[in-house]
Structures are given as C-alpha cells and as structure tokens.
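Here is the structure we will look at.
Below, chains carry the letters A, B, ... as their sequence lines are ordered, and counting in each starts from 1.
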Protein chains: 2
Amino acid sequence: MASPEIDALTQALARLPGLGPRSARRAVLHLLQKRETALAPLLRALESVNERMVQCAICGNIDTIDPCGICADPRRDGRALCVVEDVADLWALEKSRLFPGRFHVLGGRLSALEGVRPEDLAIAPLVQRVAQGGIDEVVLAMNATLEGQTTAHYIAERLEAYPVRLTQLAHGVPIGGELDYLDEGTLAQALRARRPID
Amino acid sequence: MASPEIDALTQALARLPGLGPRSARRAVLHLLQKRETALAPLLRALESVNERMVQCAICGNIDTIDPCGICADPRRDGRALCVVEDVADLWALEKSRLFPGRFHVLGGRLSALEGVRPEDLAIAPLVQRVAQGGIDEVVLAMNATLEGQTTAHYIAERLEAYPVRLTQLAHGVPIGGELDYLDEGTLAQALRARRPID
Ligand SMILES: [Zn+2]
Ligand SMILES: [Zn+2]
C-alpha cells in the first residue's frame, strides 16, 4: 500500500546494509503488526542512540561520553595506540579486550576509486596525537585489503619522523578480509604476532 | 562496545525478519556513522509511522485513516471481498490493483502447532461482515500452505450458510509458497483463474 509514511520507512530500512527493498518491506510489515513488541522498542532504542551516543573527540570512537570510556580509562596503556579504519573495527578488537592500549579511528581508508584522500580521514589528528609524545607503539590495524594496506603505508610514512615503533597485524588476517568479520581467535593471533612495518 | 543503548538498538534490529545479530550490528554501525543520512531519516520515518498509521476497524488493513482508503473508496466493488492472512498479502494484491473489491485481513492462519485458534483470528468479524449482506463473492486468498488451506476450509464451512460465492486463488500459486513472495504475473494469473471452493 502506497502510504508515504510506509514508503519512507521502507526506504530508510532498505538503505541499511543487509536489508534489500523486499526484506525492508517485510520488516515494515513486521513492525506494523508488532507495534508494542517490535516498533516501540526499536523507536525507543533509536531515540536513545540518537540522543545519547556521541563521537569521541580524541579517538573517534562512539560512546555515551566524550572522551569515550576507553580514552577516559586510566588503566588503559596510553603508550600503545591502535589505528583502525572505522568504529566497527575498534569494536571488533575491543569486544574481547584484545588490545590494552587506546585507539584511533580514521573514519575510512584511502581510495583513489572512491576519491577518499588523506584529508578526508582523521590522519592529521593522528599525527598530532603522536607528535604530542607519550606514545611508544602505533599498531596500524587496517584491513588486509589493497586500500587498507595503502592507507597503512601512507600513515607509516607520515609517522616516520617520530620516535614510535610502527607495527601491523600479523598475516593471519586473510587477504581481502575485513577485520569486523573475523573470529576472535584469528584476530587474537594476528594481534599477538604483530610485527614491525618494513 | 557494550553500551546499553547500542545493545538495545542491535537487539531491536536483530529481531526484524531478514536481519540476524551480525547484520544488525553492522546496521547499527552504519546508523551511527551516517547520523544525518541514515539514522535521522529512519528515526523520523518510524516516528511518523508510529504516530500516523492505524489499523482499519473494518478490514484490518493499516493506513493513515480509519476506515482505510480501500474501505472508504466508493469506487471499490463492495460486493467482492478478498480474505487474506495478513496485511502483507493485502499489499501484495493491492500493489498492482489486481482486485477491484475490498479486503478482510485475518491476522494470521490457523495453526495447531503454534496454538492459533479461530478466535485468535478475525474470523468472527468476517462472518459478521458477510451476514450483514451486500457481498456476493468471498475470495479466500490464503497462502498455499497446509495451514493456509486449513484456514480457508474452516472459513468456507463458517460461511456455508450464507448466499455468497466462495472462491479461492487458482493453483498458480506454488505449493508451499507465500503470496507476498510471488511476482505480479503469477499473482494476477492466480486471481484471474480463481475458482469456486469444492
Ligand atoms: Zn576515545
Ligand atoms: Zn479497511
């Protein structure tokens, strides 16, 4: 039924990764048929996320506080910094507390194809964090894709002048694989066997 | 990252048909990273649907008005009534204006397995609509599943006493198939070739 309200909701859902137009339509029907048990909780959860979640001004993580819980936690090892492409990767690493240090979220990867340039990513703030001192090791935990590795090499060059050890995840990460899809075991192994960047 | 807000949103999304826990997590990240272009439109669309969409007291359709646009439309043929399991099926039929009459949404199908009994469906209101007169034909457009057909036969018995022609969709509907997943051509053919219930 073409009601503009339904259409708008269907389109908004269809744009989510993992949902096409057809499954979005079924999702809308499900929401309409389960007003109290599906639509209301989703609406409340979205409102709450919209109102409460903010991006950390230091690392780019998303949390209810700024600085985020990781940046604010004095037990985290401030000398180790793990650079990731996006928040999904930070969460994948953080889920099992694999990394004792802090993070830096780039907000993407360099891509000639998609026109993503260094100034489109949080690379300058990263250089600034490193330049301020106190950091011994920077783990470049980019995805093992061509673009991820290009980004890692670009950042390695930008940080070359600073007295920090640059490392990358061990090749346990499958070629072409995205961190966010890895099981914890592989991720833990790749992190444990991390090695200096050549 | 375990923030209760994120968890609640992930869970609410994971309960949608077509989204599992992993894709719900990616959807949440997408929403967080595209606050203006993804989260805000979805939130507005959900709010609007929640505020404006109501169930039609006559037929069970969902629309911004009650009675719904179909029940209120004087150009619809009030003598033909198409009974469907749920709103999804009504929309599937209505999308291409296949049926000139009005509808009746049962809100499900009889199921011994799931404990769905006649009184759990809008069967009594259907009998009442038919008993009020003015209806010549009732199309029992249930899904071609065992439960759908059981429901159709049960309704046929309940309507037996009334002077209406009972028809069902032609077997162009694949066995085990759900109306909502059919292409319009098959659906149109099945409706055109509808035949009296034995
Ligand atoms: Zn932070
Ligand atoms: Zn109606």
Side-chain angles (χ1 to χ4, degrees), chain A residues 1-13 15-20 22-35 37-53 55 61-64 68-70 86-88 90-92 94-95 107-108 180-181, chain B residues 1-13 15-20 22-35 37-53 55 61-64 68-70 86-88 90-92 94-95 107-108 180-181:
Chain A
M1 284 297 298
S3 127
E5 290 82 4
I6 298 288
D7 286 349
L9 181 54
T10 308
Q11 280 162 29
L13 283 171
R15 264 182 259 118
L16 292 182
L19 273 184
R22 184 169 277 273
S23 45
R25 217 167 119 260
R26 288 198 76 81
V28 167
L29 278 157
H30 176 81
L31 291 169
L32 285 168
Q33 283 162 357
K34 314 269 176 188
R35 295 286 279 257
T37 56
L39 197 153
L42 178 58
L43 182 53
R44 279 195 303 267
L46 265 179
E47 278 169 345
S48 158
V49 160
N50 192 42
E51 282 161 21
R52 303 205 48 209
M53 303 309 286
Q55 190 164 46
N61 186 19
I62 291 166
D63 202 344
T64 49
C68 73
I70 297 172
D86 57 36
V87 177
L90 187 163
W91 292 1
E94 186 60 12
K95 209 169 42 168
D180 191 32
Y181 279 103
Chain B
M1 285 296 298
S3 126
E5 289 80 5
I6 299 288
D7 286 349
L9 181 55
T10 308
Q11 280 163 28
L13 283 171
R15 263 182 260 118
L16 293 181
L19 271 183
R22 183 170 280 272
S23 45
R25 217 169 118 258
R26 289 198 74 81
V28 168
L29 278 157
H30 176 80
L31 290 169
L32 286 168
Q33 281 161 359
K34 314 267 176 187
R35 295 286 279 257
T37 55
L39 197 152
L42 179 57
L43 183 53
R44 279 194 304 267
L46 264 179
E47 278 168 345
S48 157
V49 161
N50 191 42
E51 281 161 21
R52 303 205 48 210
M53 303 309 286
Q55 189 164 47
N61 185 19
I62 290 165
D63 201 343
T64 50
C68 75
I70 296 172
D86 58 36
V87 178
L90 188 163
W91 292 359
E94 186 61 10
K95 209 169 41 166
D180 191 31
Y181 278 105

Quick check for you: to the nearest 0.5 Å, what is the distance between A/Leu46 atom CG and B/Leu43 atom CG? 5.5 Å
May I ask you to name which of B/Glu47, B/Glu51, B/Arg35 has the most heavy-atom pairs under 4.5 Å with chain A? B/Arg35
With sequence neighbours left out, the residues meeting salt bridge (Lys or Arg N to Asp or Glu O under 4.0 Å) with A/Arg52 are B/Glu5
Pairing residues for B/Arg15 by the side chain to side chain donor-acceptor pair (under 3.5 Å) criterion, not counting sequence neighbours: none
Below 4.5 Å from any heavy atom of chain A, which atoms of B/Arg44 appear? Answer side chain, backbone, both or neither. neither
Looking only at heavy atoms and a cut-off of under 4.5 Å, which of A/Leu16, A/Leu29, A/Thr64, A/Leu39 has the most pairs with chain B? A/Leu29
Specify which of A/Gly18, A/Ala8, A/Pro17 makes the most heavy-atom pairs with chain B at under 4.5 Å. A/Pro17
Spacing of CZ belonging to A/Arg26 relative to CG belonging to B/Leu19, to within rounding of 0.5 Å: 13.5 Å
B/Val49 and A/Leu31, any side-chain heavy atoms less than 4.5 Å apart: no
Top of B/Gly107, B/Ala27, B/Ala38 for chain A proximity - count of heavy-atom pairs under 4.5 angstrom: B/Ala27
How many angstroms lie between atom OG of B/Ser48 and atom CG of A/Leu9, to the nearest 0.5 angstrom? 8.5 Å
Distance, nearest 0.5 Å, that separates CE of A/Met53 from CD1 of B/Ile6: 3.5 Å
Option in A/Asn50, A/Thr37, A/Asp86 with maximal non-hydrogen atom pairs under 4.5 Å from chain B: A/Asn50
